[in-house]
Amino acid sequence: MSQKVLRRKDPSAGVGLRAVLAAQAEGASATPIPSPPNDAATVKATCDSFTLESFTASDAWELGHLLYARLLPLALADQGKPTIISIASAAGQHVLFQAAVGAGTQPDNDVWVRRKRNAVLRFGASSWFLHCKFAGDEVAFRRKFGLGEEAAGEYAIHGGGVPIRVSGVEGVVAVVVVSGLAQHQDHGVIVDVIASNWE
């Protein structure tokens, strides 16, 4: 099944940064993050990955800032929820955008980012899809792929890692990762921001 090819609704430069500045100035209230489906087949059909018209460093910068603007009210709310956003190209895992949203992230968030990215790159699917496919059973996941405990530790089958594809290009081009919220929210916020800003 061919995925719809998406393009940015507002292709102007700085749309993401303007969203961040507006969120800071207005003290935007936190809005709930839509929960993604938890059935693997539905995830695969609706929100496992996104195929874009193009994906450059500028697109990563815009997407990163749009995610930041969406997550900032959650980080500033009472009992704030700090997160890490990381967007990297698949080729050599070159980081195109990375930011901590709010105070309180830990080095462990970076470990989760790496593990989610590794899962997306190896299996070509979102880490949420892998979570749903294996019902969160890391032992079943490890056995399926013949991984020892140490090798399996390099991958996270927890939501928050999403592959980006580009029309006409084979394979995954980039990986978007959010870490710090509940795993369904880590995945859901990426889906929500892309759905709101690409068409």
Side-chain angles (χ1 to χ4, degrees), residues 1 3 33-52 55 60 63-64 67 71 74 81-102 104-166 169-194:
M1 176 171 85
Q3 275 195 320
I33 296 168
S35 288
N38 58 13
D39 169 68
T42 306
V43 171
K44 189 56 119 175
T46 62
C47 63
D48 176 54
S49 68
F50 294 91
T51 300
L52 308 181
F55 196 76
L63 176 55
L67 283 163
L71 290 164
L74 293 169
K81 298 179 179 179
T83 53
I84 295 283
I85 302 163
S86 184
I87 304 173
S89 69
Q93 299 188 40
H94 174 62
V95 175
L96 302 170
F97 180 94
Q98 185 154 318
V101 185
T105 58
Q106 302 293 324
D108 191 49
N109 291 107
D110 292 319
V111 173
W112 279 98
V113 165
R114 179 181 49 78
R115 293 178 63 218
K116 290 177 185 185
R117 184 181 299 133
N118 286 348
V120 170
L121 290 172
R122 176 162 178 181
F123 301 103
S126 70
S127 55
W128 180 246
F129 170 77
L130 293 169
H131 171 81
C132 295
K133 180 178 179 178
F134 290 96
D137 187 339
E138 294 186 11
V139 173
F141 166 77
R142 190 180 72 203
R143 287 182 179 150
K144 168 75 175 170
F145 297 105
L147 300 170
E149 281 189 51
E150 188 173 330
E154 292 299 310
Y155 306 99
I157 60 167
H158 298 267
V162 175
I164 299 295
R165 302 173 191 283
V166 170
V169 178
E170 184 83 24
V172 175
V173 170
V175 180
V176 181
V177 179
V178 170
S179 176
L181 303 173
Q183 62 175 316
H184 69 280
Q185 293 176 312
D186 283 347
H187 183 83
V189 74
I190 298 167
V191 173
D192 186 43
V193 167
I194 291 175

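No hydrogens, no waters, no symmetry mates; every other heavy atom, side chains included, goes into these values. By convention here, the first residue in the shown sequence is residue 1.
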Requested in this report: Can you measure from CD1 (I164) to CD1 (I87) and round to the nearest 0.5 angstrom?
Outcome: 8.0 Å

Report task. State, with a plain yes or no, whether a side-chain heavy atom of K116 is found less than 4.5 Å away from one of D186. Result -> yes

Query - Test item: V172 and R165 side chains (from C-beta on) under 4.5 Å apart, heavy atoms - result: yes

Query - Distance, nearest 0.5 Å, that separates CG of L63 from CG of L52 - result: 8.5 Å

Query raised in the report: Would you call Q98 and D110 a side-chain contact if the rule is heavy atoms closer than 4.5 Å?
Result: yes

Query raised in the report: Can the ring centroids of Y155 and F145 be said to lie less than 6.0 angstrom from one another?
Result: no

Query raised in the report: Would the number of heavy atoms belonging to other residues, nucleotides or ligands and lying under 6.0 Å from CZ of R143 be above 12?
Result: no

Query raised in the report: Would you say L67 and V176 make side-chain contact, with heavy atoms under 4.5 Å?
Result: yes

**Report entry** For the student: nearest non-hydrogen atoms of S127 and G160, plus distance
**Finding:** OG-N, 3.3 Å

Report task. Just do the side chain to side chain contact (heavy atoms under 4.5 Å, CB included) check on Q185 and K81 with the steps written out, would you? Result -> CA-CA 11 Å; Q185 293 176 312; K81 298 179 179 179; 4.2 Å; yes

Report summary line: Here the pair of heavy atoms bringing L121 nearest to A90 is CD2-CB, 3.6 Å

Requested in this report: Specify the closest pair of heavy atoms between D48 and P163, including all atoms of both residues, with the distance to one decimal.
Outcome: O-CD, 3.2 Å

Report task. May I ask you to test the E138-H158 pair for a side-chain heavy-atom distance under 4.5 Å? Result -> yes

**Report entry** Distance, nearest 0.5 Å, that separates CD1 of I190 from CD1 of I33
**Finding:** 10.0 Å

Report summary line: Distance col, row W128:CH2 vs I157:CD1, nearest 0.5 angstrom, shows 11.0 Å

Query - Contact summary for N109 and G180, nearest pair of heavy atoms - result: ND2-CA, 3.7 Å

Query raised in the report: Quick one: does P37's side chain get under 4.5 Å of C47's, heavy atoms only?
Result: yes

Query raised in the report: Can you name the closest pair of heavy atoms from R115 and A152 and give their distance?
Result: NH2-O, 4.5 Å

Report task. Taking D137 for its side chain and F134 for its backbone only, find out whether a donor-acceptor pair lies under 3.5 Å. Result -> no

Query raised in the report: Is any side-chain heavy atom of L181 less than 4.5 Å from a side-chain heavy atom of L71?
Result: yes

Report summary line: The reported gap from NE2 in H184 to NE2 in H131 (rounded to nearest 0.5 angstrom) is 10.0 Å

Report task. Give, for atom NZ of K44 and atom SG of C132, the distance between the pair rounded to the nearest 0.5 Å. Result -> 11.5 Å

**Report entry** L147 to F141 - nearest heavy-atom pair and separation
**Finding:** CD1-CE2, 4.0 Å

